[in-house]
Amino acid sequence: MARIAIVEDHLLLAHTLRAALERSAVATAVVAPAPMPDLLGALLALRPELVLLDLDLDRFGDSTPLIAPLVEEGIRVLLVTGTNDRLRIARALEQGAIGLQRKASDFTALLTQALAALTTTAPLDPEERVLLLAELSRSRLVQDRELAPFRRLTEREQATLRALSRGLSVNEIAREWVVAEATVRSHVRAVLAKLGVSSQLAAVAAAARTGWLAA
């Protein structure tokens with residue numbers, strides 16, 4: 001039975017790492033990237049002690065959703081990533097990953113970190129973990145403050161802002177909703193007042209900048 005499972009979209013790296021781990025007498029399996037439910041099922045069936053998880057699985061996307069379910073099953077997760085997005089790494093650590101190894105480091109560092117993750121249940125690199133999680137906490141506080149004005153919008157005002165963000169004019173919104181233009185203009189004025197901006201363009205820009213449109 002494999003003690004380590006490698007989930008990595010660069011097959012050369014995956015198989016090179018597997019060979020190195022097996023030279024260290026660690027049974028290792030390479031698990032091909034797949035849609036997240038299938039990949040999670042394969043890993044749970046394999047039940048390794050440790051998963052070396054690439055955060056970016058090419059066409060299958062971000063692998064962060066795998067971390068918490070694996071950790072809940074007692075499987076440690078070491079992040080292997082090429083991203084420099086510290087908040088993204090922090091979110092993955094927050095899900096329970098034991099540590100991370102950046103691909104920019106040399107191969108020996110990756111091998112050493114993998115072996116270290118196999119021999120401990122304590123978080124690796126605790127100081128960096130604390131810094132990353134603190135950055136994530138500060139980022140969320142800033143985002144929460146930025147989103148506060150949007151929470152004051154009524155449902156109709158939110159719909160108005162989303163329609164404006166789609167490029168619709170007041171006239172087009174009124175026709176689509178079968179209401180008077182004056183009604184839509186009233187919603188627009190309320191949106192501008194609550195967001196503290198002076199134009200429809202500024203309101204749409206604020207909605208995009210804060211991430212409200214994606215919520």
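Please read these numbers as outputs of a predicted model, since none were measured by experiment.
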Problem - Q113 and D125: CA distance, side-chain angles, deciding distance, side chain to side chain contact (heavy atoms under 4.5 Å, CB included) verdict - result: CA-CA 10 Å; Q113 191 80 321; D125 305 316; 2.9 Å; yes

Would [X] and [Y] show up in the same hydrophobic cluster when neighbours are defined by side-chain heavy atoms closer than 4.5 Å?
X: V130; Y: L132; result: no
X: L55; Y: L17; result: no
X: W177; Y: L161; result: yes
X: I98; Y: I6; result: yes
X: L195; Y: L164; result: yes

From [X] atom [atom1] to [Y] atom [atom2], the distance as rounded to the nearest 0.5 Å:
X: S186; Y: E181; atom1: OG; atom2: CD; result: 13.5 Å
X: T183; Y: R185; atom1: OG1; atom2: CZ; result: 11.0 Å
X: T28; Y: R18; atom1: OG1; atom2: CZ; result: 7.5 Å
X: L100; Y: R129; atom1: CG; atom2: CZ; result: 8.5 Å
X: T16; Y: L111; atom1: OG1; atom2: CG; result: 11.5 Å
X: D58; Y: H10; atom1: CG; atom2: NE2; result: 8.0 Å

Would you mind reporting whether [Y] and [X] have side-chain heavy atoms less than 4.5 Å apart?
X: F60; Y: D9; value: no
X: R3; Y: P48; value: no
X: L66; Y: M36; value: yes
X: L70; Y: L44; value: yes
X: L13; Y: L110; value: yes
X: I67; Y: L79; value: yes
X: L52; Y: V7; value: no
X: I75; Y: E49; value: no

Any Lys/Arg nitrogen of [X] or [Y] sitting under 4.0 Å from an Asp/Glu carboxylate oxygen of the other?
X: R166; Y: E176; value: yes
X: D56; Y: K103; value: no
X: E135; Y: R88; value: no
X: E73; Y: R47; value: yes
X: E128; Y: R102; value: yes
X: D144; Y: R151; value: yes

[Y] backbone acceptor or donor facing [X] side chain under 3.5 Å:
X: R76; Y: L118; value: yes
X: E172; Y: S169; value: yes
X: T120; Y: A117; value: no
X: S137; Y: L133; value: no

Problem - Distance-only side-chain donor-acceptor flag, D85 / T83, under 3.5 Å - result: no

Handout entry: Residue pair Q101 / S105, side-chain donor-acceptor N/O under 3.5 Å
Key = yes

Mind listing the closest non-hydrogen atom pair of [X] and [Y] along with its distance?
X: A114; Y: L21; answer: CB-CD2, 4.4 Å
X: R152; Y: E157; answer: O-OE1, 4.1 Å
X: L136; Y: E94; answer: CD2-OE1, 3.7 Å
X: V71; Y: G96; answer: CG2-O, 3.5 Å
X: L213; Y: S165; answer: CD2-OG, 3.6 Å
X: L153; Y: Q158; answer: O-NE2, 3.2 Å

Exercise for the section: Can you establish whether the number of heavy atoms outside N171 located under 6.0 Å from its atom CG is more than 12? Expected result: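 Result for CG/N171: enclosed.
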
Practice task
Decide side chain to side chain contact (heavy atoms under 4.5 Å, CB included) for E8 and V30; before the verdict, give the C-alpha distance in whole Å, the side-chain angles of both, and the deciding distance to 0.1 Å.
Solution key: CA-CA 8 Å; E8 167 63 59; V30 173; over 6 Å; no

Exercise for the section: Could you please spell out the steps behind the side chain to side chain contact (heavy atoms under 4.5 Å, CB included) verdict for L78 and L53? Expected result: CA-CA 6 Å; L78 176 65; L53 183 64; over 6 Å; no

